[in-house]
*Asks:* 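Handing you a structure now.
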Amino acid sequence: MRRAAAILSVPVMLAIAAGCGGSHSDATKSNQSESSPFTYAASAPLHYVDRGVVNHGYPIAVHDVAFTSSGKRVDAMLVVPPGKGPFPAVVYLHGTGGDRTELLVPATWMAARGVVALTITTPELAATSGTASQKLVAQREAAVATVVAARRAVDLLQSLPRVDDDRIALVGWSSGARIGAIVAGVDQRVKAFDLLSAGSRPVSEYASPAPAELRPAIEQELGAVDPLRWVKLAPAHTILLQDGTSDDVVPRVALDALAAAAGKAAEVRWYDQGHAPSNAAWADQLDWTADRLGVAGPIVKGAAAGP
């Protein structure tokens, strides 16, 4: 699994998505206690396409699928356990520079426990020219597009007959975990969030060393999509944060800041690992998520069931 890119600089902080934000129509069941830039037209067609199974002769079926979010195609892998269901489901969000295949193996481990898994390729940040303020706007729009894509993935899962639409979780790693922290505060349809190597510095730390004329734009644009702001709205006991004691990509202060912002919403577990999750972390992810979704145990035995 590739390492996620560093997230220390302002340009990289939100360079995890591309495209425009959602419409002004509210999605159902979102947290509206704050004015949210992540609302969208939940009734818009998903234009779901299933291109078929890409693996054969295996009890867990991996489908090549796609859907639309904010008018753009999102490629994904739908991983389906044997049986008719309805099954609980999990959305997987990859790290910076990754795609739908990056967390496909952990997704198959989850499917071996009787859970439908959906790994998506999040929108990419397009090359942006213009002033520094214009680039900040583009970064804010990119973050919004990624959050909306994750929420549209939930829409897709809830539309599938084989999915129990009241038992949905989200697993994110690195930048995908940062996006998951935002989703935790704005979409209560997702019942559990397992976030691996998730960290975020306060926006003020990016604004304070910047030129004075740029600080208001940084506070406005990055503040609108600040994970520390939105994770505070997550319901209690809905998040597991899994962090490495030797993370060389996300600084310890950023990991601690996100944990502090989550407060009673999160349990924090530390592992003897770097930025990439260890086998012990993945094993805990499987157990914790399965427990939150009410899954008894593996239905496919052997190596497919976990690390």
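Reckoned from all heavy atoms, side chains included, excluding hydrogens, waters and symmetry mates.
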*Asks:* Report the residues that fulfil side chain to side chain donor-acceptor pair (under 3.5 Å) with Asp256, sequence neighbours left out, ordered by chain and then residue number.
*Replies:* Arg252
*Asks:* Run the side-chain contact (heavy atoms from CB on, under 4.5 Å) check on Val163 and Phe87 step by step: do they pass?
*Replies:* CA-CA 5 Å; Val163 170; Phe87 302 105; 5.9 Å; no
*Asks:* Only counting residues at least two apart or in another chain, list the ones meeting side chain to side chain donor-acceptor pair (under 3.5 Å) with Asp50.
*Replies:* His63
*Asks:* How close do Ile218 and Ala210 get, counting heavy atoms only, and between which atoms?
*Replies:* CD1-CB, 3.5 Å
*Asks:* Under a 4.5 Å side-chain heavy-atom rule over Ile, Leu, Val, Met, Phe, Trp and Tyr, are Leu258 and Val268 clustered together?
*Replies:* yes
*Asks:* Let me check something: do Leu228 and Leu233 share a hydrophobic cluster, defined by ILVMFWY side-chain heavy atoms less than 4.5 Å apart, either directly or through other members?
*Replies:* yes
*Asks:* Quick check: do Leu214 and Leu136 have side-chain heavy atoms less than 4.5 Å from each other?
*Replies:* yes
*Asks:* Quick one: does Arg201's side chain have a donor or acceptor within less than 3.5 Å of a partner on Ala254's backbone?
*Replies:* no
*Asks:* Please test Arg100 against Glu102 for salt bridge (charged side-chain N to carboxylate O under 4.0 Å, His left out), starting from the C-alpha separation and ending with a verdict.
*Replies:* CA-CA 6 Å; Arg100 60 182 178 164; Glu102 185 170 70; over 6 Å; no
*Asks:* Could you note down all residue pairs passing salt bridge (charged side-chain N to carboxylate O under 4.0 Å, His left out) where residues 51-60 supplies at least one of them, sequence neighbours left out?
*Replies:* Arg51-Asp64, Arg51-Asp75
*Asks:* So, using side-chain contact (heavy atoms from CB on, under 4.5 Å) as the criterion, who are the partners of Pro307 when residues are at least two apart?
*Replies:* Trp109, Asn279, Trp282, Ala283, Leu286
*Asks:* side-chain contact (heavy atoms from CB on, under 4.5 Å) with Ala150: which residues, sequence neighbours excluded?
*Replies:* Leu93, Val183
*Asks:* Under 3.5 Å, is there a donor-acceptor pair between the side chain of Ser70 and the main chain of Ala145?
*Replies:* no
*Asks:* If hydrophobic clusters are built from ILVMFWY residues whose side chains come within less than 4.5 Å, do Val300 and Val295 share one?
*Replies:* no
*Asks:* Working to the nearest 0.5 Å, report the span between OG of Ser200 and CH2 of Trp230.
*Replies:* 14.0 Å
*Asks:* If we only count heavy atoms from C-beta on, is the Leu157 to Leu78 side-chain gap below 4.5 Å?
*Replies:* yes
*Asks:* Please name the pair of heavy atoms, one in Arg152 and one in Ala42, separated by the smallest distance, quoted to 0.1 Å.
*Replies:* NH1-O, 3.4 Å
*Asks:* Indicate yes or no: at least one non-hydrogen side-chain atom of Arg269 is less than 4.5 angstrom from one of Leu241.
*Replies:* no
*Asks:* CE/Met110 to CG/Leu103 distance, rounded to the nearest 0.5 angstrom?
*Replies:* 13.0 Å
*Asks:* Hey, are the side chains of Arg73 and His47 touching, using non-hydrogen atoms and a 4.5 Å cut-off?
*Replies:* no
*Asks:* Quick check: do Ser174 and His275 have side-chain heavy atoms less than 4.5 Å from each other?
*Replies:* yes
*Asks:* Counting distance only, does the side-chain N/O of Ser278 pair as donor-acceptor with the main-chain N or O of Gln273 below 3.5 Å?
*Replies:* no
*Asks:* In terms of side-chain heavy atoms, does Thr121 have a donor or acceptor partner in His94 at a distance below 3.5 Å?
*Replies:* no
*Asks:* Which heavy atom in Ala217 sits nearest to a heavy atom in Ser133, and how many Å separate them?
*Replies:* CB-OG, 4.0 Å
*Asks:* How close do Glu219 and Ser204 get, counting heavy atoms only, and between which atoms?
*Replies:* OE2-CA, 3.8 Å
*Asks:* Before you tell me yes or no, could you show the steps for Val171 and Val91 under side-chain contact (heavy atoms from CB on, under 4.5 Å), namely the whole-Å CA-CA distance, both residues' side-chain angles and the distance that decides it to 0.1 Å?
*Replies:* CA-CA 6 Å; Val171 174; Val91 176; over 6 Å; no
*Asks:* Looking at Arg178 and Asp226, does any basic side-chain N land under 4.0 Å from a carboxylate oxygen?
*Replies:* no
*Asks:* Which is it for Lys191 and Asp166 under the side-chain contact (heavy atoms from CB on, under 4.5 Å) test, yes or no, and what are the steps along the way?
*Replies:* CA-CA 8 Å; Lys191 305 305 182 185; Asp166 196 43; 3.6 Å; yes
*Asks:* For Trp173 and Tyr92, I'd like to know if the aromatic rings sit close, meaning centre-to-centre distance below 6.0 Å.
*Replies:* no
*Asks:* Does the pair Leu118 and Val90 meet the rule for a side-chain contact (heavy atoms from CB on, under 4.5 Å), with working shown?
*Replies:* CA-CA 6 Å; Leu118 183 69; Val90 177; over 6 Å; no
*Asks:* Can you list every pair that meets side chain to side chain donor-acceptor pair (under 3.5 Å) and has a residue in residues 232-245, with sequence neighbours left out?
*Replies:* Gln242-Tyr271
*Asks:* Quick check: closest heavy atoms across Leu196 and Ala281, and the distance to 0.1 Å?
*Replies:* CD2-CB, 4.4 Å
*Asks:* How would you list, by chain and number, every residue that makes a salt bridge (Lys or Arg N to Asp or Glu O under 4.0 Å) with Asp247, sequence neighbours excluded?
*Replies:* none
*Asks:* Check whether any side-chain N or O of Ser36 sits under 3.5 Å from a backbone N or O of Phe38 as a donor-acceptor pair, and report yes or no.
*Replies:* yes
*Asks:* Can you list the residues that meet the side chain to side chain donor-acceptor pair (under 3.5 Å) rule with Arg292, with sequence neighbours excluded?
*Replies:* none
*Asks:* How is the hydrophobic cluster of Trp288 composed, in terms of its other members, when Ile, Leu, Val, Met, Phe, Trp and Tyr link through side-chain heavy atoms under 4.5 Å apart, directly or indirectly?
*Replies:* Leu240
*Asks:* Counting N and O atoms only, with roles assigned by atom type, does the side chain of Thr131 sit under 3.5 Å from a partner on the main chain of Gln134, one being a donor and the other an acceptor?
*Replies:* yes
*Asks:* When you check the side-chain N and O atoms of Tyr40 and Asp155, is any donor under 3.5 Å from an acceptor?
*Replies:* yes
*Asks:* Show every side chain to side chain donor-acceptor pair (under 3.5 Å) that has at least one partner inside residues 53-62, sequence neighbours left out.
*Replies:* none
*Asks:* Going by the rule salt bridge (Lys or Arg N to Asp or Glu O under 4.0 Å), which residues pair with Arg215 if we only count those two or more places apart in sequence or in a different chain?
*Replies:* none
*Asks:* What is the distance from atom OG1 of Thr68 to atom NZ of Lys72, rounded to the nearest 0.5 Å?
*Replies:* 12.5 Å
*Asks:* Is there a path from Val116 to Val154 through hydrophobic residues (I, L, V, M, F, W, Y) whose side chains come within less than 4.5 Å of each other?
*Replies:* yes
*Asks:* Starting from Leu195, can I reach Ile179 by hopping between I/L/V/M/F/W/Y residues whose side chains sit under 4.5 Å apart?
*Replies:* yes
*Asks:* What are the two closest heavy atoms between Ala224 and Arg140, and how far apart are they?
*Replies:* CB-CG, 4.3 Å
*Asks:* Is the side chain of Gln158 donor-acceptor paired with the backbone N or O of Asp165 at a distance under 3.5 Å, no angle test?
*Replies:* yes
*Asks:* Using a 4.5 Å cut-off on heavy atoms from C-beta on, say whether the side chain of Val49 contacts that of Phe67.
*Replies:* no
*Asks:* Which residues pass the side chain to side chain donor-acceptor pair (under 3.5 Å) test with Arg162, sequence neighbours left out?
*Replies:* none
*Asks:* Between Ile60 and Val80, is any pair of side-chain heavy atoms under 4.5 Å apart?
*Replies:* no
*Asks:* Check whether any side-chain heavy atom of Pro81 lies under 4.5 Å from a side-chain heavy atom of Ile299, and answer yes or no.
*Replies:* yes
